[in-house]
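Notes follow once the structure below has been shown.
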Amino acid sequence: MPARRISDNTEMPSGTAASPITCVSALPSAVDTDLLIIPWFENDPPSAIPELDAASGGEVARALASTEFTGKVFELFAAVVVDRNWRARRLLLVGAGPLTECGGELVRKLAAASGLAVRSSRAARVGFVLRGDGDLAELAQAVAEGLTLSEFNVGSYKTHGPAPPKAPAWTVALADERSDIVDRTRAAIVRGRLLAECSNLARELANEPSNALTPREFARRAAALATDGGVKVEILEETRIEQLGMGLLLGVARGSSEPPRLMVFRHEPAGGRYPPGGPVLGLIGKGITFDTGGISIKPADGMERMKDDMAGGAAVVCAMRAISLLQAPIPVVGVVPATENMPGGHAIKPGDILTSAAGKTVEVINTDAEGRLILGDGLWYAQQLGATHLVDVATLTGACVVALGKSTSGLFGTPPEWVDQVRRVANRAGDRVWPMPLFDDYREQLKSDIADLTNTGGRPAGSITAALFLKEFTGGRPWAHLDIAGTAWAEEPRPYLPKGPSGVAVRTLAELAFTSSEWNFRP
Ligand code: BES
Ligand code: MN
Ligand code: ZN
């Protein structure tokens, strides 16, 4: 029996009940809160925030003069408020670097880092002073995202030790009083809160051990999350998957005694009417609930990490929820093929040939290259559902981790305009990506003597040949592929991201659904 979580109600989406973030238009001294976080720029004089130094009893000026605190990014400086005219009792200055480099991306990280830093303080009410370089609403959304991301709890199966801290009641303070600006900022905070809640839901799924999150359980939880957000959901079982001819997904599933599932999500814009011939966004996520490698089995060292091989699928599920709750203006379909990759007695073996739903035959050289197999059928199905523009997300290759490390996802696809669109949206959403080339000659590495293609191209350019395999199943539609093998899980904690699942790509996929007016290129 899988362990049961003590804290969590698995019947209901657990990220739904978070309290809203209050937005106030007030000077720092007037923010009614226990603890007030203030981003502090390098070279800010003590007077950058009027009366702050006096309120701290001179501590701010002293710390700056002694260089105990300099405002470098992620430096923290805590002080008590001695001025009883201030509403806040405690201050936390967070270093923000030079003002001109402090846009949305950094502000999101500062909010997450300071949010994490105040967790141990157990303050019931925490304020955050909105400061940065750029559009206020954009900064405010980023702050709401960062604060919300800091609420994520990785240790949900612990039965001993202190309970995880309760999230504080957050307030974001802006100095501006103009009602149009305040309104826009409020709306941005609501949006950021929701997007990051959905990121946290994806992190929760990716954090689940594979004995709890089997493909069936993944589908059940995904259906609850999506349905609750207003998304239409269909869970296809084995017989239906067989009828559709998904030989790649079924091939991977053969080694496991757990049956596969194909999750299908549909968002239709409000009113249910949209111009025929308009774009339909198709999101496809890799849902391997555990990757042993199959018969081409992985080494034992670090294999436990492979419970998060469904992080791409979780990103699609949770992005669909956000897309629906935020009422994206275009139809969006989501497809998540889910299975374990196990070396059971019926498992596929190297040399086996599988026939995809699209009709292409694949010679399986390495059963550990299973993600591209299930995604091949997933990409085909998204097109059957009418998707005109495709994005897939997958913890696909170790080679991508070698190429780009742990903080940047690989971005692949065609045509360049579509790839650029995804790139812009991703970088704005705080999911850093970098484009990788798909030159035709790499395709040689996937040539099979006996079938249409092999599933592996050897060690050179491993993340590229994986992407080129996927390209075979995109039907020539605009397609982007995010390889999140390095970014889905933080091995080392960072100030803004604890060890564990990151929730990467949720916000990118969701925000992308709001940018269709910019998709004015010929496919
Ligand atoms: N899920 C893995 C990729 C992965 C590796 C994710 C490390 C996160 C961290 C994927 O299914 C896989 O095993 N890929 C193989 C492909 C190879 C056999 C061509 C790999 O990268 O080694
Ligand atoms: Mn694998
Ligand atoms: Zn895998």
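Start at 1 and go down the list; that is how both ligands and their atoms are numbered.
Under 2.8 Å from the Zn ion (ligand 3), one finds the following protein N/O/S atoms: Lys286 NZ, Asp291 OD2, Asp309 OD2, Glu370 OE2.
A salt bridge links Asp352 with Lys349: at least one charged nitrogen is closer than 4.0 Å to a carboxylate oxygen. Of the charged side-chain nitrogens involved, none lies within less than 4.0 Å of a carboxylate oxygen, so that Arg428 and Glu511 do not count as a salt-bridged pair. Glu492 has no carboxylate O lying under 4.0 Å from a charged side-chain N of Lys499, or vice versa, which leaves the two without a salt bridge. In this structure, Glu237 does not pair ionically with Arg240, as no charged nitrogen and carboxylate oxygen lie closer than 4.0 Å. With respect to the salt-bridge test (charged N to carboxylate O, under 4.0 angstrom), the residues Arg305 and Glu491 qualify. Ionic pairing of Lys307 and Glu208 is not present here: no N-O contact between side-chain nitrogen and carboxylate oxygen is shorter than 4.0 angstrom.
For atom 2 (C) of ligand 1, the closest heavy atom belonging to the protein is Asp291 OD2, 3.6 Å.
Inter-residue side-chain proximity for Leu201 and Leu205 is flagged as unmet; no heavy-atom pair is nearer than 4.5 Å. Side-chain contact between Phe412 and Leu468 is absent, with no heavy-atom pair separated by less than 4.5 Å.
Protein N/O/S atoms nearer than 2.8 Å to the Mn ion (ligand 2) total 4.
Comparing heavy-atom distances from atom 14 (N) of ligand 1 across Asp483, Asp309, Leu396 singles out Leu396 as nearest.
Proximity of a side-chain donor or acceptor of Thr388 to a complementary backbone N or O of Val280 within less than 3.5 Å is detected.
Within a 6.0 Å radius of CG in Asp441, more than 12 heavy atoms belonging to other residues, nucleotides or ligands are found.
Annotation: Trp479 is not in aromatic contact with Trp418 [ring centroid separation under 6.0 Å not met].
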Salt bridge (charged side-chain N to carboxylate O under 4.0 Å, His left out) between Lys72 and Glu75, worked out:
CA-CA 6 Å; Lys72 288 210 169 46; Glu75 264 181 18; 5.4 Å; no
Passes salt bridge (charged side-chain N to carboxylate O under 4.0 Å, His left out), Glu444 versus Lys447? Steps please.
CA-CA 5 Å; Glu444 302 284 312; Lys447 277 201 170 141; 3.5 Å; yes
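Listed by number with element, the atoms of ligand 1 under 4.0 Å from a non-hydrogen atom of Thr456 are 19 (C). Atoms of ligand 1 found under 4.0 Å from any heavy atom of Glu370, numbered from 1 in the order shown, are 11 (O).
At least one heavy atom of Asp368 sits less than 4.0 Å from an atom of ligand 1. Using a non-hydrogen distance threshold of 4.0 Å, Lys286 registers as a contact of ligand 1. The shortest heavy-atom distance from Arg372 to ligand 1 is under 4.0 Å.
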